[in-house]
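What follows is a single structure, written as structure tokens, with notes after it.
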Amino acid sequence: MSAAEASPGSRGPAPGEDAAGSGASVEAAGAPGARARSGAEPDRHAPRVPPEERGTTVVSDRAVRRLACAAAAEHRSTRPLGDRLGGLVGEGHKARAEVRRGGSRVGLRLEIAVAYPSPLARTAEEVRAHVAATVENLTGLTVHSTDIEIVELVPAPRVR
């Protein structure tokens, strides 16, 4: 910034700002390649806390239940469950799930609806494997069992 550009009383750009005052970071004087730090950037030179001292992430049973239901619904042969009136009125949930937990191990029990006709045993096995893998990958928990109960068969709509 030249003296002609500065307004009366102006002291020039703030430390770490370019002359236009845009807030863009500029190289610090006397240190080639060094960047001035802004308050928003993390301090990369601060000592890192070891993982065992950082604390824990707790995944609730409700979160595990929702993940399991969403994973079950991703299979091409599953359908939304009918409501409690036997599917006569509207559609219900993607699936129903129960979670049993012992530390970092979980057991899952799912109730699903499957399109008819579909190979039921193969569909149940594919859903079981997908749900277990999804829950393990997203939560870090170990799924030791996944029970699948097909509680509803949903026929294809009739074409007239």
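The chain is numbered in sequence order, starting from 1. The analysis underlying the following values was restricted to heavy atoms, covering all of them including side chains, and did not include hydrogens, waters or symmetry mates.
The distance from the CD1 atom of Ile112 to the CG atom of Leu81 is 8.5 Å, given to the nearest 0.5 Å. Atom OG of Ser77 is separated from atom CG of Leu120 by 9.5 Å, given to the nearest 0.5 angstrom.
Residues Thr78 and Ala72 share a closest heavy-atom pair of OG1-O, 2.9 Å. Of all non-hydrogen atoms in Val114 and Ser118, the two that sit nearest each other are CG1-CB, 3.8 Å.
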In a table with atom names and distances, give each donor-acceptor pair under 3.5 Å that connects a side chain of residues 136-145 to protein atoms at least two apart or in another chain.
{"unit_1": "Glu136", "atom_1": "OE2", "unit_2": "Val143", "atom_2": "N", "d": "2.9"}
{"unit_1": "Asn137", "atom_1": "ND2", "unit_2": "Ala133", "atom_2": "O", "d": "3.2"}
{"unit_1": "Thr139", "atom_1": "OG1", "unit_2": "Val135", "atom_2": "O", "d": "2.5"}
{"unit_1": "Thr139", "atom_1": "OG1", "unit_2": "Leu141", "atom_2": "N", "d": "3.1"}
{"unit_1": "Ser145", "atom_1": "OG", "unit_2": "Arg100", "atom_2": "NH2", "d": "3.4"}

Contacts under 3.5 angstrom, residues 123-131 side chains, donor-acceptor by atom type, not counting sequence neighbours:
{"unit_1": "Thr123", "atom_1": "OG1", "unit_2": "Pro119", "atom_2": "O", "d": "2.8"}
{"unit_1": "Glu125", "atom_1": "OE1", "unit_2": "Arg128", "atom_2": "NH1", "d": "2.7"}
{"unit_1": "Glu126", "atom_1": "OE1", "unit_2": "His75", "atom_2": "NE2", "d": "2.6"}
{"unit_1": "Arg128", "atom_1": "NE", "unit_2": "Thr146", "atom_2": "O", "d": "2.8"}
{"unit_1": "His130", "atom_1": "NE2", "unit_2": "Glu74", "atom_2": "OE1", "d": "2.5"}

Donor-acceptor pairs are to be reported for all side-chain atoms of residues 56-65 against protein atoms at under 3.5 Å, with residues two or more places apart or in another chain.
{"unit_1": "Ser60", "atom_1": "OG", "unit_2": "Ala63", "atom_2": "N", "d": "3.1"}
{"unit_1": "Asp61", "atom_1": "OD1", "unit_2": "Arg101", "atom_2": "NE", "d": "2.9"}
{"unit_1": "Asp61", "atom_1": "OD1", "unit_2": "Arg101", "atom_2": "NH2", "d": "3.0"}

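Under the rule for a side-chain contact (heavy atoms from CB on, under 4.5 Å), the partners of Glu98 that lie at least two apart in sequence or sit in another chain are Arg109. Legend: residues meeting side-chain contact (heavy atoms from CB on, under 4.5 Å) with Pro50, ordered by chain and number and at least two apart, are Glu52, Glu53. Scanning for side-chain contact (heavy atoms from CB on, under 4.5 Å) contacts around Arg54 gives Val49, Pro51, with sequence neighbours left out.
A 4.5 Å side-chain heavy-atom check between Arg96 and Val151 finds at least one atom pair inside the cut-off. Looking at heavy atoms from C-beta onward, Leu108 lies out of side-chain contact with Asp147 at the 4.5 angstrom threshold.
Between the side chain of Glu152 and the backbone N or O of Gly82, at least one donor-acceptor pair lies under 3.5 Å.
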